[in-house]
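Worth saying up front: this structure is predicted, and the values here are computed from it rather than measured. Keep in mind that the numbers below use all heavy atoms, side chains included, and drop hydrogens, waters and symmetry copies. Numbers restart at 1 for each chain; the letters A, B, ... are given by sequence-line order, proteins then strands.
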Number of protein chains: 2
Amino acid sequence: MAYRKTDKVTARLADTRRSILDAARGLVAEGGFAAVQMTEVAKKAGVATGTLYRYFSSKEALCRQVFREVSAREMGMLAEIASSDEPASERLVKVLRTFAGRAVRGRRLAYALLAEPLDVNLAEERAFFRRTHADIFARIIEDGIDDGELRRIDVRIAAACIAGAIPTALIGPLAPESHELDSNPDRTVEEIVNFCLAGAGVARASGKTRIKERRTTA
Amino acid sequence: MAYRKTDKVTARLADTRRSILDAARGLVAEGGFAAVQMTEVAKKAGVATGTLYRYFSSKEALCRQVFREVSAREMGMLAEIASSDEPASERLVKVLRTFAGRAVRGRRLAYALLAEPLDVNLAEERAFFRRTHADIFARIIEDGIDDGELRRIDVRIAAACIAGAIPTALIGPLAPESHELDSNPDRTVEEIVNFCLAGAGVARASGKTRIKERRTTA
DNA sequence: ACAAGGAATGAACCATGGTTCATGATCGAG
DNA sequence: CTCGATCATGAACCATGGTTCATTCCTTGT
């Protein structure tokens, strides 16, 4: 007979694959998908460029995989909260806080996932990611309406609004400057969450918002 | 003496410049900035590719100019409404309706301006465009708060939320499918506007104000 | 009409960066 | 140890699309 992969080899292959994915993910975390160049990935992973193509059929395939892995973690987190059995408004608050909070803390990665200019192939992946978000929001809002907790609105549109408002307010070019954000991310998150809740018709249980600053932009 | 541009020549030059810009704008309207290729622009404008470089120093310069011209019209429109002396909540409603309404009707162009993946140079231009939007929203909200019409919120964040929610809900991958949108764009617009108003704390006075929106569309 | 520019041309050029492939190293089985 | 098969290598290749520039065509003022 000829050749049959032994476990050790299989493991090594898996390792290499992992290290390629890790390298790519690292580049994304540093400079977004724009910074993913095959030569760089190879260098960082400690393999030759040609090797990349033994594990991924193309740059696109590699990037897709990275996108999936990174986004899966986020989605899972939100999905879990969403499926708890608390009242809808409570779940909504938690989901929004988690979404906004995680984005604010991992801004670079969040930017790559949500807002970075990227080409059509990856845009597809992002579309899925966003749709999933929106679905999670929509589901909760729908529950809330069914239970009479929320006023009747078009859940899909409200969900889309939320899915757009949060990233833009946090990480888009409109976002408060980084230092500002870093100095008090929780305030910002809270404010954004409030906007979305109000938009979705959640009667703001918490009475205190204590806001002082009110800045006119330039 | 040698040569001095005559008026006729100056006019012709201006014409050529215009036709180049128009050609580029046309391509943007059809396929976004991604569809702007110098050879295509030249063909469409009826000139040689080299000629383009007599009028614009680079592709980037051309695209920037196109972006500015297109976005200026939109911003002017909103700014005008915003500066009227109606009560803030009224202005806010009008501005949002106009923004959303125009985007929905010129979805392709709106996509190019607001959401299309584009490279950093143009992204700068877009950032300015968005910031201006947000400033307009912020100004109105601030007025509303000062007049006691709106509850106190962080105006910049609310403005950013609005600026993010509208495009996403309308033209992003989350948007209702086109046929759906086309069949009843006004409903969708109204629903989005409602979300934003609620988010900004406008007590929905709505006895349904039928507003004739201004069309100046290209 | 003609000389002296400016304007227009478009094929050639070039930079970027993804992909390939001939070559050599490594591995499994007999 | 040796053979056949797989894996790894990285320099060469290629496609895309923006930019250049030698050449030609037009305009202007005498």
Enumerate donor-acceptor pairs with a distance under 3.5 Å from any side-chain N or O in residues 42-54 of chain A to protein atoms, sequence neighbours excluded.
unit_1	atom_1	unit_2	atom_2	d
K44(A)	NZ	E30(A)	OE2	2.6
T51(A)	OG1	A48(A)	O	3.4

Taking R64(B) first and then E69(B), would you say they form a salt bridge - that is, a charged N and a carboxylate O separated by under 4.0 Å? no
Could you state the CG-C1' distance from D15(A) to dC7(D), rounded to the nearest angstrom? 15 Å
Length of the CG-C1' vector between L52(A) and dC7(D), whole Å: 13 Å
Examine dT6(D): is either OP1 or OP2 under 4.0 Å from a nitrogen or oxygen in the side chain of R12(A)? Give yes or no. no
Determine the contact category for L13(A): base if any of its heavy atoms lies under 4.0 Å from a base atom, sugar-phosphate if only primed atoms, P, OP1 or OP2 are that close, otherwise nothing. sugar-phosphate
Going by an N to O cut-off under 4.0 Å, is there a salt bridge joining D135(B) and R131(B)? no
Neighbour count >12 (heavy atoms, 6.0 Å) for atom CZ, R139(A): no
With 3.5 Å as the limit, what N/O pairs link the protein to nucleotides 17-19 of chain D?
unit_1	atom_1	unit_2	atom_2	d
dG18(D)	OP1	K59(B)	NZ	2.6
dG18(D)	OP2	M38(B)	N	3.2
dT19(D)	OP2	Y53(B)	OH	2.6
dT19(D)	OP2	K59(B)	N	2.9
dT19(D)	O5'	Y53(B)	OH	3.3

Quick one: label Y55(A) by what it contacts on the DNA or RNA (base, sugar-phosphate, nothing), any heavy atom closer than 4.0 Å. sugar-phosphate
Nucleotide dT16(C), atom P - distance to CD of E40(A) in whole Å: 14 Å
For the residue pair F137(B) and H133(B), does the interplanar ring angle fall in the parallel (under 30°), tilted (30 to 60°) or perpendicular (over 60°) class? parallel
side-chain hydrogen bond (donor to acceptor under 3.5 Å, both in side chains) partners for D143(A), two or more places apart: R91(A)
Take atom CZ of R54(B) and atom C1' of dG10(C), then tell me their distance rounded to the nearest Å. 14 Å
